[in-house]
Amino acid sequence: MSNIQVTLPNGDVRKYAEGVTPLDIAQEISSGLARNVLAAEVNGEIRDAMRPLSSDTDLKLLTWNDRGGKSTMWHSSAHLMAEALEILYPGIKFGIGPDIDNGFYYDVDFGDHQFSADDLEKVEQKMLELARQKQEYHRKSISKEEALKYYTAKGDEYKVELISELEDGTISFYETGHFTDLCRGPHIPNTGFIKAIKLTAVAGAYWRGDEKRKQLTRIYGITFPKKKELDQYLEMLEEAKKRDHRKLGKELGLFTFSEKVGSGLPLWLPKGAELRERLESFLKKAQKKSGYVPVISPHIGQKELYITSGHYAKYGEDSFQPIHTPHEGEEFLLKPMNCPHHCEIFKSSPKSYKDLPLRLAEFGTVYRYEQSGELHGLTRVRGFTQDDAHLFCTNDQLKDEFKKVIELVLHIFKVLDFHDFTAQISLRDPDDPDKYIGSDENWSKAEKAIIEATEEMKMKTVIVYGEAAFYGPKLDFMVHDAIGREWQLGTIQVDYNLPDRFELEYTGADNKKHRPVMIHRAPFGSMERFVAVLTEHCAGRFPLWLTPEQVAILPISDKFNDHASELSYLLENYDLRALVDDRSEKIGRKIRDNEMSKIPYMLILGEQEVKKGLVSVRKHGEGDLGSMKVEDFVSLINKEIEDLLRP
RNA sequence: GCCAAUGUAGCUCAGAGGUAGAGCACUUCCUUGGUAAGGAAGAGGUCAGGGGUUCAAUUCCCCUCAUUGGCUCCA
């Protein structure tokens with residue numbers, strides 16, 4: 001038997017006999033490690049820890065602390081669930097059962113049986129029972145014909161379909177207990193690693209994501225190696241529920257919806273509207289510094305406008321239907337985008353290269369007929385306001401302009417404390433060229449500009465194919481919210497196509513006509529979505545400069561109500577937002593209520609304070625800060641705001 | 001748009017074939033209290049909307065609308 005060389009991540013090189021398994025190696029390092037090894041990364045590929053090594057390898061042992069370890073465990077959990085389901089519901093058919101970011105799911109065809117959320121507990125119990133048996137996951141390879149025969153006999157047309165599409169040759173199967181599944185693997189050594197199980201949801205899902213095909217029952221779940229970790233996970237879900245912007249929006253009086261107004265059409269309440277206005281003026285100020293100029297365009301435009309832009313051909317069917325003028329029968333559309341209007345603004349007068357870059361900014365409200373099932377709080381609505389701008393520039397200016405926009409977006413994220421985000425370069429889907437308009441040459445130029453700009457700014461990016469807009473590639477900023485979900489917020493797009501379609505031109509230094517390039521950009525994305533994500537991000541405790549009410553003045557008793565009103569006028573003169581809680585309640589009650597409504601500061605006003613001309617200050621979440629002069633309190637607050645706005 | 005669940009007071013929710021209940025919020029009164037819930041009384045609902053079954057429907061059935069969780073989609 002020949003020797004093989006195994007290199008561990010710390011650079012350690014060890015020699016073993018061929019056929020050694022990663023699990024053996026773990027055992028040699030320490031039995032504690034061996035008990036925790038879920039899988040192994042062999043030359044970069046994740047494999048079963050019990051699969052023998054046959055040549056020299058770079059080896060990394062994966063535990064629960066590694067993403068690969070978690071994925072393997074969850075994937076194995078999907079098998080465990082399938083086994084439990086097959087025992088409980090004989091004759092059911094299986095689609096696919098992968099691991100996902102937070103757990104796993106399996107798509108199942110229950111036939112005539114109606115599986116409901118009430119049945120989940122029963123399945124969990126069965127899974128725990130099977131897990132305790134420490135069933136091993138056995139890998140075996142069989143031929144394609146054999147595999148087809150197996151599933152044809154079993155009557156599982158989904159697996160038959162999957163296998164038929166595989167390349168000829170051997171196919172790997174995994175066997176756990178009495179359950180056998182077509183599977184590439186890898187898997188954990190045995191089901192005993194799965195100590196805590198929670199099946200989280202039941203939902204319909206189309207077979208292979210195709211809405212024309214049968215809908216299967218998808219069961220979601222998550223598992224952990226320790227009961228404690230499951231508890232923590234459930235706590236995190238609770239926390240996410242508390243942070244849900246739909247709940248907080250209601251509680252804080254930010255926005256509402258009305259059946260009568262229509263679904264997906266948010267109504268901003270005074271506090272929400274003021275908060276949004278503050279965000280808008282914050283951005284306007286930053287934009288003014290960066291040379292943007294404001295424009296305003298109407299909510300509708302002639303259908304012809306969107307035929308020119310290409311939006312009508314692409315989205316006309318899925319939009320609100322055209323509005324007709326009563327006599328002439330002209331057709332107008334609710335605007336789904338601001339860019340066509342801005343192109344017309346560009347065209348309103350002849351442009352010289354000296355006019356460029358021209359940066360037209362507008363908080364433009366647009367309307368899109370989103371599918372009813374897609375609507376969700378403020379994050380997905382049918383009428384929303386984009387913090388839109390279109391930058392028209394020369395080819396030479398493009399990269400610099402693009403970089404300046406990135407700087408602006410990063411500045412905004414910094415001020416609003418979004419540190420956890422991904423910059424995603426969204427390119428064309430190479431397999432579906434018909435989805436896009438414009439020439440290959442234009443697309444390549446645009447893609448190159450984005451990639452070079454991000455490289456020059458040394459940004460960490462991920463490239464995702466198929467996520468581009470139909471007219472051009474994008475740089476999207478995805479931030480993470482309380483539940484770890486990703487939301488797309490800001491977006492920057494390079495566009496050579498609309499300038500072509502609108503035949504935009506400027507006169508160059510050479511006295512010839514040239515076509516400008518366009519950058520679409522929206523740092524917030526939409527005001528609605530941004531406020532939603534921000535609300536969840538800060539759990540309703542908005543930064544001091546944004547929050548609807550900054551200070552609550554709490555008189556100790558009714559006797560001091562007048563003093564309290566005077567103080568509130570005084571604070572208003574200092575440009576602070578204050579309210580007076582003049583209810584005939586005890587101070588403890590007032591503190592509790594204002595604490596719960598997340599007011600950043602409380603000022604307590606009683607005999608002592610009035611006598612000495614002081615205020616007693618309480619900070620949300622921190623408590624008593626002692627008493628101070630009003631002027632000192634005002635500078636305290638202003639300092640905090642200043643620090644927040646200049647991170 | 002598709003599948004499923006849900007829709008009862010401002011909010012959170014209970015309830016049941018015989019025309020509705022709790023807690024909080026609200027109003028009034030009492031209390032004027034020093035750092036996270038003082039007390040009492042009161043008001044508030046076409047039980048999402050529309051049909052049907054029934055002597056009787058908020059409850060059972062159908063349709064519509066909305067919400068939620070997924071799927072698909074996202075200029």
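Chain identifiers are assigned alphabetically (A, B, ...) following the order of the sequence lines, protein sequences preceding nucleic acid strands; residue numbering begins at 1 within each chain. The structure displayed is predicted, hence computed values, not measured ones. Worth knowing before you read on, the calculation uses all heavy atoms, side chains too, and leaves out hydrogens, waters and symmetry mates.
In summary, the side chains of A/Gln424 and A/Thr422 do not present any donor paired with an acceptor at a separation below 3.5 Å, with no hydrogens or angles considered. For the residue pair A/Thr223/A/Ser77, the side-chain donor-acceptor check at 3.5 Å is satisfied. A/Glu317 and A/Tyr369 share no side-chain donor-acceptor pair at under 3.5 Å. A/Lys335 and A/Ser297 share a side-chain donor-acceptor pair at under 3.5 Å. In the model, A/Asn561 has no side-chain atom that pairs as donor or acceptor with a side-chain atom of A/Asp582 under 3.5 Å.
Within 4.0 Å (heavy atoms only), A/Gln488 reaches no atom of the nucleic acid at all. A/Gly588 comes within 4.0 angstrom of sugar-phosphate atoms only, judged by non-hydrogen atoms across all strands, and of no base. Contact annotation for A/Arg618: base contact, defined as any heavy-atom pair under 4.0 Å involving a base atom. Among the protein residues, A/Tyr471 comes within range of the sugar-phosphate backbone only, with heavy atoms under 4.0 Å from sugar or phosphate atoms but none that close to a base. Here A/Glu585 lies in heavy-atom contact (under 4.0 Å) with a base.
Closest to the A/Ile556 side chain, of the nucleotides B/A36, B/A75, B/G33, is B/G33. In this structure, of B/A36, B/U68, B/C2, it is B/C2 that holds the atom nearest to the side chain of A/Gln215. Proximity note for A/Met337 (side chain, C-beta onward) versus B/U32, B/G1, B/A75: the nearest is B/A75. With B/G69, B/U35, B/U12 as the choices, the nucleotide that has an atom nearest any side-chain atom of A/Ile591 turns out to be B/U35. Side-chain proximity of A/Pro336 to the nucleotides B/U32, B/A75, B/G69 is greatest for B/A75.
Atom P of nucleotide B/U35 and atom CD of A/Glu607 are separated by 15 Å, given to the nearest angstrom. Between the CE atom of A/Met596 and the P atom of B/A25 there is a distance of 9 Å, rounded to whole Å. For A/Asp318 and B/C74, the CG to P distance is 9 Å, given to the nearest whole Å. The nearest whole Å value for the distance from the CG atom in A/Leu120 to the C1' atom in B/G70 is 13 Å.
Nearest-nucleotide positions on RNA chain B for A/Ala469 and A/Ile604 put A/Ile604 closer to the 5' end. Nearest-nucleotide mapping onto RNA chain B: of A/Arg208 and A/Ser616, the residue sitting toward the 5' end is A/Ser616.
The phosphate of B/G69 has OP1 or OP2 within less than 4.0 Å of a side-chain N or O from A/His376. Under 4.0 angstrom from either OP1 or OP2 of B/A37 there lies no side-chain N or O belonging to A/Lys590. Applying the 4.0 Å criterion to OP1 and OP2 of B/A66, one finds that A/Ser263 has a side-chain N or O inside that range. When the side-chain nitrogen and oxygen atoms of A/Ser372 are compared with OP1 and OP2 of B/G1, one or more of them lie within a distance under 4.0 Å. When the side-chain nitrogen and oxygen atoms of A/Tyr220 are compared with OP1 and OP2 of B/C71, one or more of them lie within a distance under 4.0 Å.
Checked by distance alone, A/Glu259 brings no side-chain donor or acceptor within 3.5 Å of a matching partner on the base of B/A48. In this model, no side-chain donor or acceptor of A/Arg589 finds a partner on the base of B/A37 within 3.5 Å. Judged by distance alone, with hydrogens and angles left aside, A/Arg368 brings no side-chain donor or acceptor close enough to the base of B/C74 to form a pair under 3.5 Å. With hydrogens and angles left out, the side chain of A/Arg380 and the base of B/C73 share a donor-acceptor pair within 3.5 Å. Residue A/Tyr206 places a side-chain atom within donor-acceptor reach of the base of B/G1, judged by atom type and a 3.5 Å distance cut-off alone. For B/G34, the base has a donor-acceptor partner in the side chain of A/Glu609 [N/O atoms by modelled type, under 3.5 angstrom].
Taking the C1' atom of each, B/A48 and B/A41 are spaced 33 Å apart, rounded to whole Å. Between B/C63 and B/A25, the two C1' atoms lie 36 Å apart (nearest whole Å). Across the C1' atoms, B/A22 and B/G45 are found 14 Å apart, a figure rounded to whole Å. Taking atom P in both B/U28 and B/G18, the straight-line distance is 38 Å, to the nearest Å. Rounded to whole Å, the C1' atom of B/U67 lies 16 Å from the corresponding atom of B/C11. Nucleotides B/A20 and B/G1 place their P atoms 36 Å apart, quoted to the nearest Å.
A salt bridge does not link A/Lys242 to A/Glu238: none of the charged nitrogens lies less than 4.0 Å from a carboxylate oxygen. With respect to A/Lys598 and A/Glu251, no salt bridge is recorded, no charged nitrogen being found less than 4.0 Å from a carboxylate O. Residues A/Lys559 and A/Glu607 are not paired through a salt bridge, judged by the lack of any N-O separation under 4.0 Å between the basic side chain and the carboxylate. Looking at A/Glu585 and A/Lys590, no side-chain N of the basic residue comes within less than 4.0 Å of a carboxylate O on the acidic one, giving no salt bridge.
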Any N/O pairs under 3.5 Å between the protein and nucleotides 4-6 of chain B? List them or say none.
none

For RNA chain B, the dot-bracket notation using Watson-Crick and G-U wobble pairs below 3.5 Å, [ ] for pseudoknot-type crossings and | for other-strand pairs, is (((((((..((((....[..)))).(((((.......))))).....(((((..]....))))))))))))....

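Within 6.0 Å of atom OH in A/Tyr465, 12 or fewer heavy atoms from other residues, nucleotides or ligands are found, so the atom counts as exposed in its surroundings.
Atom CG of residue A/Asn497 and atom OG of residue A/Ser439 lie 6.5 Å apart, to the nearest 0.5 angstrom.
Here A/Tyr315 lies parallel enough and close enough to stack on the base of B/A75, with planes under 30° and ring centres under 5.5 Å apart.
Relative to the ring axis of A/Tyr106, A/Arg218 does not place its NZ or CZ within 45° and under 6.0 Å from the centre.
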